[in-house]
Amino acid sequence: MNSDFLTQGPHVEEFEYQMASYLNCDSCVAVNSATSGLHLACLAAGLDDKSRVWTTPLSFVATANCARYVGAEVSFIDIDRETLNISPLILEQKLKSAKQNGTLPDAIIIVHFGGVPCDLEKIYSLKKQYKFILIEDASHALGAEYKGKKIGCCDVPEFTIFSLHPVKIITAGEGGVVACKSNYERVLKSLRSHGITKRSQDPRPWFYEQSRLGFNYRLTDIQAALGSSQLKKLDRYVEKRNQLTTKYNARFADNKNVETRSEQRTLLSAQHLYVVQFKKIVTDSSRGRLMKELHALGIQTQVHYIPIYWQPYYRSLGYNFGLCPNAERYYTRCLSLPLHPAMNETDVDYIADKVLENI
Ligand SMILES: *Cc1c(COP(=O)(O)O)cnc(C)c1O
């Protein structure tokens, strides 16, 4: 608080450096939210109103909105019922037929739902074959690993975006980070600050140039300092989230009413969400009643997510119910339970007891 800088200053640079070292990627560009980061990634990727972007319906609306900001057309690819991530099989089928029709996507935005990495090997081989830009919305997946490499190491994807919103794995109050290959760093940094670049060698000390249409998407130094202190705790948080998840899974194992997400032991999940799915169809009103009963017992639950194209905005663009049956089936049966590193195993027992008593 005693520093001369309040908005973007030395702490932002330091935080970017720390993030890049943690992820083992070329560059990190800090911005004021993941939503801004996704927008800038779409711009830096050169997407516009002639572009086609494919993504998952099971995410927060910002994942698809970023493509709409640049005027691109969005298509939703259904999830896999087991992993809850975009289905590589459905993706491959759609890519095959898009190739025949000349409607291949320019970019695909994947989401590591709840922190569990997507089937990246398969997606990378499809990327190689069909040559799309790969953007990872890793808002749930800071600290996650795929086959020994951190999500965000940018070995294959062009951009990986993390959120520092308070509900995510670590926070800066608000904020986001774009991890990218080094050739995108300059354009992202320019776009986050009005499209302005300053030349340090210029004899005119007042001179700056706006070379493109940018935004004010800067992270403040105050936020970056918070991000840096949180980053030190990240691995401990992820470990605790995994420990609590294992405990939850043990409590719900072989239950006749609920099923849990299958564990993928070869991957390290950041465990952003703990979700149960009801085996029987639940009506909206009975799920609402359960949420209220649990809330009265001090247990805050949530539903992640309403399929994006069910939102009135997307309906107005012509997307219809029934488009992605797996995501819709999941939505009608899911409930996210509390999961936070400040919890302990006794909390998990209490929550599991109350959920099982009340369903
Ligand atoms: C939270 C979230 C976002 C948006 O993050 P902000 O930092 O709040 O802009 C985008 N995508 C997903 C999947 C999220 O969970």
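Both counts, for ligands and for their atoms, begin at 1 and track the order of listing.
The shortest N/O to N/O separation between His140 and ligand 1 falls below 3.5 Å. In terms of polar-atom proximity, Ala34 is counted as a contact of ligand 1, with an N or O under 3.5 Å from an N or O of the ligand.
The closest approach between Ser59 and ligand 1 falls below 4.0 Å for a heavy atom of the residue. A heavy-atom separation below 4.0 Å is not found between Phe162 and ligand 1. Remark: distances from the non-hydrogen atoms of Gly175 to ligand 1 include one below 4.0 Å.
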For this session: Show your working on side-chain hydrogen bond (donor to acceptor under 3.5 Å, both in side chains) between Thr83 and Asn85 and close with a plain yes or no.
Result: CA-CA 5 Å; Thr83 68; Asn85 285 326; 4.6 Å; no
For this session: List the steps, then state whether ring pair (Phe, Tyr, Trp, His ring centres under 6.0 Å) holds for Phe215 with Tyr217.
Result: CA-CA 6 Å; Phe215 302 85; Tyr217 281 172; 5.0 Å; yes
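Listed by number with element, the atoms of ligand 1 under 4.0 Å from a non-hydrogen atom of Tyr305 are 15 (O). Distances below 4.0 Å separate heavy atoms of Ser139 from the following atoms of ligand 1: 2 (C), 3 (C), 10 (C), 11 (N), 12 (C), 13 (C), 14 (C), 15 (O). Here is the list of ligand 1 atoms found below 4.0 Å of a heavy atom in Ser163: 5 (O), 6 (P), 7 (O).
Between the Lys279 side chain and the Asn255 main chain, a donor and an acceptor come within less than 3.5 Å of each other. With hydrogens and angles ignored, the 3.5 Å screen pairs a side-chain donor or acceptor of Thr246 with a backbone N or O of Asn242.
Classified by interplanar angle (parallel below 30°, tilted 30° to 60°, perpendicular above 60°), the ring pair Tyr184/Phe159 is tilted.
Of the protein's non-hydrogen atoms, Asp137 OD2, 2.7 Å is the one closest to atom 11 (N) of ligand 1. Looking from atom 4 (C) of ligand 1 to the surrounding protein, the closest heavy atom is Thr35 OG1, 3.7 Å.
The existence of a salt bridge linking Glu357 and Lys354 is confirmed by a sub-4.0 Å separation between a basic side-chain nitrogen and an acidic carboxylate oxygen. Look at Glu185 and Lys189 and you find a salt bridge, because one of the NZ, NE, NH1 or NH2 atoms lies within 4.0 Å of a carboxylate O, short of that distance.
The only option from Leu337, Asp349, Thr260 that meets the side chain to side chain contact (heavy atoms under 4.5 Å, CB included) definition with Tyr248 turns out to be Leu337.
Evaluated by nearest non-hydrogen atom to atom 2 (C) of ligand 1, the leading choice among Lys168, Glu174, His304 is Lys168.
By the criterion of a heavy-atom distance under 4.0 Å, neither the backbone nor the side chain of Phe113 is placed next to ligand 1. Residue contacts with ligand 1 for Thr63 involve side-chain atoms from C-beta outward but no N, CA, C or O (heavy atoms, distance under 4.0 Å).
In this structure, Arg287 satisfies the cation-pi test against Tyr331, with its NZ or CZ atom closer than 6.0 Å to the six-membered ring centre and inside 45 degrees of the ring normal.
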